[in-house]
Amino acid sequence: MYHVAMTKAQQLSKIFYEFSAWHEMNSVAFKPRAYQIVSESVAALGDEVEAVWRKGGVKGLKELPGVGQATADAIDEFLRTGHIKEYEQLKKKFPVDIWGLSQIEGIGPKHIMELYQHLKVKTVDDLKRVLKSEKIKDLPRWGLKSQEKLSKQLLMMEASSGRQLLGYVLPSANKIVDELSKINGVTRCTYAGSLRRKQETVGDIDLIATSKHPEKIMDAFVKLPQVESILVKGKTKTSVRLKIGIDADLRVVPDEVYGATLQYFTGDKKHNVMLRELALSKGYTLNEYGLFKVRKSSVASDATSPLTRRLKNSPLAKGGRGDLVACKTEEEIYKKLGLDTPPPELRVGGDEIDAARKHKLPKLLPYGSVKGDLQTQTTWSDGANSIEEMAKAAKAHGLSYMAATDHTKSLAFIHGLDEKRLAQQGKEIDGLNKKLKGFTLLKSTECDIHKDGSLDLSDTALAKLDWVGISIHSNFKLSRAEQTKRLIKAMSNKYVDCVFHPTCRLIGKREPIELDMDEIFAAAKKYNVAMEVNCFPERSDLRDIHVRAAIKAGVKLVINTDAHAT
DNA sequence: GCCGTTTTCGGCCCGACTGTTTTCAGTCG
């Protein structure tokens, strides 16, 4: 397993998470959520936090959703000095690895507080030692079962790999949906959550099924061959650990409420909280069973009466929460709230609800829009298939053109092409273009960018190509100024059409190189150079934030697979 | 601590499951 040092954004996210948990431990109202939101915002932005801060300072930070004066000051202090005074004080008062312990499923702030107060547990290792001494079961409100469950969780955590890449989880999820759909009694089945939102990485697989006999579905679900162990099993909600190392949650509901459940479990959490707050302000309440008109008389008694609480637990019982207004489709729920329906990919709890209200949601490119592929590798360098095989596979996927963009000579260890072999490859492509009907192969390259910004192929060689992509494969650690200058110099070459995987990040393995993206996009516009959205799962480069910025700057984008095999 | 086409002050999302309890706190998503 690769170990990567924490980035500044990750450190900040962790700090705010610990502040949040600390307030939770002390039963402080509302602050936990405020800090939690900042923790998540910062994590989602990644190194963009620093870019925002560099450009706009504290004022710029305060523009970020959920970030106010106090948290903006804290971020500013951290980025200026490398630490936050208030956080250091917290650590002195409570020297516990809150974040580390929180990674254990079932351990939250209150438990962390108890474990420290009664057993002096500060770290995950401390917890392992204490577990061996079997003292945990004697804590108030703990018992043998909680102790055993905790031991099991710790073992499972060591075996788990955390979040996984979308492109690699999706096929497994599709297979499970197929198998669940075949179970007798299942009306509809689909995946929701981060998978449906098509996030770069997913932490678990959220599944929804509709049926009149939920218990039967649960019994069948836990017996699927993909299941390694059962974490939670109830009538309508079950969680399992899959053999591929991540969890899958299944919710079974009546078919009539499919839309509400789909909406609820697509999330993300922030989007849903914003939506439920909006619902409240309009006199509704929203849950996974539908949108309900709140009855004024029932609100006051709700919190206290056990009977009302039980009614709430069977929300379909008429009169539990109010009168049902919408539940069949997502669209009718959003419409009742005065909103257009945002595509799942946009439901991130940012500005999409505002845009939905103003009918200004951006139109996403529909799946199936891509007509060609302008980055692929073949056996000429490090690909697994010949140009002809790749071309035929591309055609079979409905594409009408493809560029064979093999690496260049600097990457000698994977047989990068020099000018002579590039010319030979050109002849092969001429031959194939005569042979292939309704499909065009482009002569091209993924030309390496040297440390000084010069290119790996001569201008005379580049001039003969249909499509020139350039990319960085070495010297990832240059300073922001040097790296930006290097890339812009390369982009200024008049034969260059596109920058491939501009930030060079590998999700979970390598941080992006340091670039001033504003300057890069300005140069892209000036030299009419496109930027790539590389869809290799661990790259996804440019990423979401940069794509938005590039579009805003008027820069052309190209979506490629960077496929190394058919 | 944050936020505002009902508010710059007074609000702040919702329900399932578990374990240890006899009515609920804690955790999770």
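Chain letters run A, B, ... following the sequence lines, proteins first and then strands; every chain starts at 1.
A straight line from CH2 of Trp142(A) to C1' of dT20(B) spans 12 Å, rounded to a whole angstrom. Taking atom NZ of Lys269(A) as the reference point, atom C1' of dT27(B) lies 11 Å away to the nearest angstrom. As rounded to whole Å, 11 Å separates atom P of dT20(B) from atom CG of Leu139(A).
Between Lys233(A) and Asp219(A) there is a salt bridge, since a side-chain N of the basic residue sits under 4.0 Å from a carboxylate O of the acidic one. By the 4.0 Å N-to-carboxylate-O rule, Glu63(A) lies too far from Lys55(A) to be salt-bridged with it. Salt bridge absent: Glu332(A) and Lys328(A) never bring a charged side-chain N and a carboxylate O closer than 4.0 Å. With respect to the salt-bridge test (charged N to carboxylate O, under 4.0 angstrom), the residues Arg188(A) and Asp255(A) qualify.
If you check dT8(B) for Watson-Crick or wobble pairing at under 3.5 angstrom, you find it has no partner at all.
In this structure dT7(B) sits in the syn conformation; its chi angle is within 90° of 0.
In terms of phosphate contacts, Ser239(A) brings no side-chain nitrogen or oxygen within less than 4.0 Å of OP1 or OP2 of dC17(B). The phosphate of dC13(B) has neither OP1 nor OP2 within less than 4.0 Å of any side-chain N or O from Asn272(A). When the side-chain nitrogen and oxygen atoms of His111(A) are compared with OP1 and OP2 of dT27(B), one or more of them lie within a distance under 4.0 Å. Of the side-chain N and O atoms in Lys31(A), one or more sit less than 4.0 angstrom from OP1 or OP2 of dG1(B). Distances shown here put a side-chain N or O of Ser146(A) below 4.0 Å from the OP1 or OP2 atom of dT20(B). Contact check, Thr236(A) against dC17(B): a side-chain N or O comes under 4.0 Å of OP1 or OP2. Under 4.0 angstrom from either OP1 or OP2 of dC14(B) there lies no side-chain N or O belonging to Tyr284(A).
Here, dG10(B) and dG15(B) have their C1' atoms 26 Å apart, quoted to the whole Å. Rounded to a whole angstrom, the distance from the P atom of dG19(B) to that of dT8(B) is 48 Å. Comparing dT21(B) with dG26(B), their C1' atoms sit 13 Å apart, to the nearest whole Å. For the C1' atoms, the distance linking dG1(B) with dT6(B) amounts to 22 Å, nearest Å. Rounded to whole Å, the C1' atom of dC12(B) lies 28 Å from the corresponding atom of dT18(B). dC9(B) sits 26 Å from dC14(B) when the C1' atoms are compared, rounded to a whole Å. Between dC13(B) and dC3(B), the two C1' atoms lie 16 Å apart (nearest whole Å). Here the separation of dA16(B) from dT22(B), taken at their P atoms, is 23 Å to the nearest Å.
Note on Val273(A): a base of the nucleic acid sits closer than 4.0 angstrom, heavy atoms only. Within 4.0 Å (heavy atoms only), Val38(A) reaches no atom of the nucleic acid at all. Backbone-only contact: Tyr35(A) has heavy atoms under 4.0 Å from sugar-phosphate atoms and none from a base. Nucleic acid contact for Arg357(A): none, since no nucleic acid atom lies under 4.0 Å from a heavy atom of the residue. The residue Ile107(A) sits close only to the backbone: its heavy atoms come under 4.0 Å of sugar-phosphate atoms, none of a base.
Residues Tyr35(A) and His23(A) bring their aromatic ring centres within 6.0 Å.
Looking at which nucleotide of DNA chain B each of Leu280(A) and Gly108(A) is closest to, the 5′-most match is held by Leu280(A). For the pair Gly66(A) and Thr238(A), both in contact range of DNA chain B, the more 5′-proximal nearest nucleotide belongs to Gly66(A).
Here the side chains of Ser102(A) and Ile98(A) are in contact, with some heavy-atom distance below 4.5 Å.
Judged by a 6.0 Å distance limit and a 45° cone about the ring axis, Lys122(A) is not positioned over the six-membered ring of Tyr116(A).
By the criterion of a centre-to-centre distance under 5.5 Å and near-parallel planes under 30°, the ring of Phe30(A) forms a stack with the base of dC12(B).
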